Amino acid sequence: MLYKDNPLFTDITSKDCLKMLSCFHSEEKLFSSGETIYHFSSQKPVIGILLDGAASVLRYEFNGSRTILEKLEPNSVFGEILAFHSEEYEAIHLQCDTACKVLIIDYDSLMKPCTNACACHTKLIQNVTWLISKKTMSLSQRVEVLSKRSIREKLYCYFMQESLRQKSNPLRIPFTMSDLADYLSVDRSAMMRELKKMKEDGILSSEKRMIRLL
């Protein structure tokens with residue numbers, strides 16, 4: 001039973017988990033690489049779990065440029081209530097980086113008061129609240145990166161955050177270089193030049209996607 005290992009179902013038994021998934025009209029869906037999983041605010045609100053694969057939360061600007069707001073890995077939870085706030089939600093969507101398997105749960109059904117007042121449903125709502133809190137912390141970290149004035153400062157701040165998150169130095173970047181530039185909202189060529197300078201200045205070393213802070 002994979003779902004019970006997800007943070008959405010912390011401290012909920014496999015039996016209760018299966019029972020609730022049936023009540024919440026949940027369904028598993030398969031998506032191909034490049035396919036859109038979910039459009040924020042242009043579809044019915046859902047809570048989703050990425051069971052397998054990798055995906056990105058993207059925002060496309062009017063000029064065609066894109067910004068990567070978040071990278072999702074297996075066991076990540078997504079949904080409008082957990083999304084980055086924007087007045088232009090329609091421009092934000094979740095897209096597959098690889099083939100993906102997703103569990104979709106109807107958000108309205110999940111948040112409705114349970115007629116049986118069951119403890120597992122109450123616990124599930126508590127878990128959703130905890131995930132919202134965790135997302136708020138993630139947003140705060142992203143704002144910290146984007147608030148840095150120079151490309152070097154943005155890179156170093158991001159690498160420090162990832163090193164702490166992964167509890168490792170060296171750390172592995174979960175992006176291609178093009179995606180990293182989109183995530184940091186900087187020009188890719190300028191970012192590559194700055195990375196080269198940072199290596200020359202003895203700030204870091206790198207090999208492919210592995211970065212070691214010196």
Side-chain angles (χ1 to χ4, degrees), residues 5-8 10 33-34 37 40 48-61 63-79 82-86 92-100 127 130-214:
D5 297 324
N6 187 274
L8 188 62
T10 299
S33 177
I37 297 174
F40 292 92
I49 299 174
L50 185 63
L51 300 175
D52 191 32
S56 298
V57 179
L58 304 174
R59 181 179 66 213
Y60 283 94
E61 311 296 346
N63 62 4
S65 64
R66 71 171 190 170
T67 300
I68 297 177
L69 300 178
E70 187 178 11
K71 278 283 188 181
L72 300 186
E73 301 173 341
N75 235 20
S76 296
V77 180
F78 65 88
L82 297 170
F84 293 81
H85 176 71
S86 171
I92 301 176
H93 65 275
L94 179 61
Q95 181 176 301
C96 298
D97 297 330
T98 65
C100 292
N127 290 344
W130 177 82
L131 285 169
I132 293 172
S133 176
K134 187 177 179 182
K135 180 67 68 173
T136 301
M137 183 180 296
S138 175
L139 276 168
S140 177
Q141 291 176 334
R142 177 162 172 76
V143 169
E144 182 184 5
V145 172
L146 295 180
S147 67
K148 301 302 181 184
R149 293 180 180 275
S150 69
I151 295 177
R152 175 173 294 205
E153 290 175 327
K154 288 183 179 183
L155 285 166
Y156 192 78
C157 183
Y158 171 71
F159 293 151
M160 285 293 292
Q161 288 180 0
E162 277 299 298
S163 181
L164 290 170
R165 185 182 70 85
Q166 297 178 27
K167 297 179 181 178
S168 175
N169 185 26
L171 60 103
R172 184 182 184 279
I173 303 174
F175 297 107
T176 63
M177 288 296 104
S178 293
D179 286 351
L180 178 59
D182 287 342
Y183 182 78
L184 299 176
S185 296
V186 298
D187 177 75
R188 182 185 184 280
S189 296
M191 183 191 76
M192 296 304 293
R193 287 195 298 271
E194 194 56 52
L195 277 171
K196 183 180 179 181
K197 290 178 183 177
M198 291 173 77
K199 286 191 283 186
E200 292 172 348
D201 292 344
I203 295 173
L204 56 81
S205 62
S206 66
E207 183 177 352
K208 295 184 179 179
R209 292 194 187 184
M210 299 300 295
I211 299 288
R212 180 182 292 277
L213 299 174
L214 303 176

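For this chain, numbers begin at 1 and follow the sequence in order. A quick note: this is a predicted structure, and the numbers were derived from the prediction, not measured. Basis for what follows: all heavy atoms, side chains included, without hydrogens, waters or symmetry-related copies.
- Separation of atoms CG (L184) and CE (M191) is listed at 7.0 Å; rounding is to 0.5 Å.
- Side-chain N or O atoms of N169 include one that pairs as donor or acceptor with a backbone N or O of L213 at under 3.5 Å.
- One distance of note links OG of S76 with CG of L8; it measures 12.0 Å at 0.5 Å rounding.
- Put simply, the side chain of N127 gets close to the backbone of T10: a donor and an acceptor are under 3.5 Å apart.
- Heavy atoms from other residues, nucleotides or ligands lying under 6.0 Å from CD of E207 number 12 at most.
- Separation of atoms CD1 (I173) and CD1 (I211) is listed at 4.0 Å; rounding is to 0.5 Å.
- Remark: the backbone N or O of A54 is paired with a side-chain donor or acceptor of T98 at under 3.5 angstrom.
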Worked check of side-chain contact (heavy atoms from CB on, under 4.5 Å) between M177 and L195: CA-CA 11 Å; M177 288 296 104; L195 277 171; 3.9 Å; yes
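- Checked by atom type and distance alone, the side chain of D201 never pairs as donor or acceptor with a backbone atom of I203 at under 3.5 Å.
- Listed by chain and residue number, K71 satisfy the salt bridge (charged side-chain N to carboxylate O under 4.0 Å, His left out) test with D97 (two or more places apart in sequence, or in another chain).
- Here I37 contributes atom CD1 and L50 contributes atom CG; the two are 6.0 Å apart, rounded to the nearest 0.5 Å.
- Contact check for D179 versus P174: no side-chain heavy atoms found under the 4.5 Å cut-off.
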Candidate pair F78 and V57, rule side-chain contact (heavy atoms from CB on, under 4.5 Å), full reasoning: CA-CA 9 Å; F78 65 88; V57 179; 5.9 Å; no
Trace of the side-chain contact (heavy atoms from CB on, under 4.5 Å) decision for Y156 with M198: CA-CA 9 Å; Y156 192 78; M198 291 173 77; 4.3 Å; yes
CA sep, side-chain torsions, deciding dist, call: L155, L180, side-chain contact (heavy atoms from CB on, under 4.5 Å): CA-CA 9 Å; L155 285 166; L180 178 59; 4.2 Å; yes
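- A 4.5 Å side-chain heavy-atom check between D182 and R188 finds every atom pair outside the cut-off.
- The OG atom of S56 sits 7.0 Å away from the CZ atom of F175 when rounded to the nearest 0.5 Å.
- Atom OH in Y183 sits 9.0 Å away from atom CG in L69 (nearest 0.5 Å).
- Looking at L204 and K199, their side chains come closer than 4.5 Å, going by heavy atoms from C-beta outward.
- A salt bridge links R165 with E162: the closest approach of a Lys/Arg side-chain nitrogen to an acidic carboxylate oxygen falls below 4.0 angstrom.
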Pair S205-R212, side chain to side chain donor-acceptor pair (under 3.5 Å): steps then yes or no: CA-CA 5 Å; S205 62; R212 180 182 292 277; 4.8 Å; no
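- Side-chain contact between I68 and L58 is present, with heavy atoms from C-beta onward closer than 4.5 Å.
- Only one option out of Q166, R142, E144 pairs with Q161 in a side chain to side chain contact (heavy atoms under 4.5 Å, CB included); it is E144.
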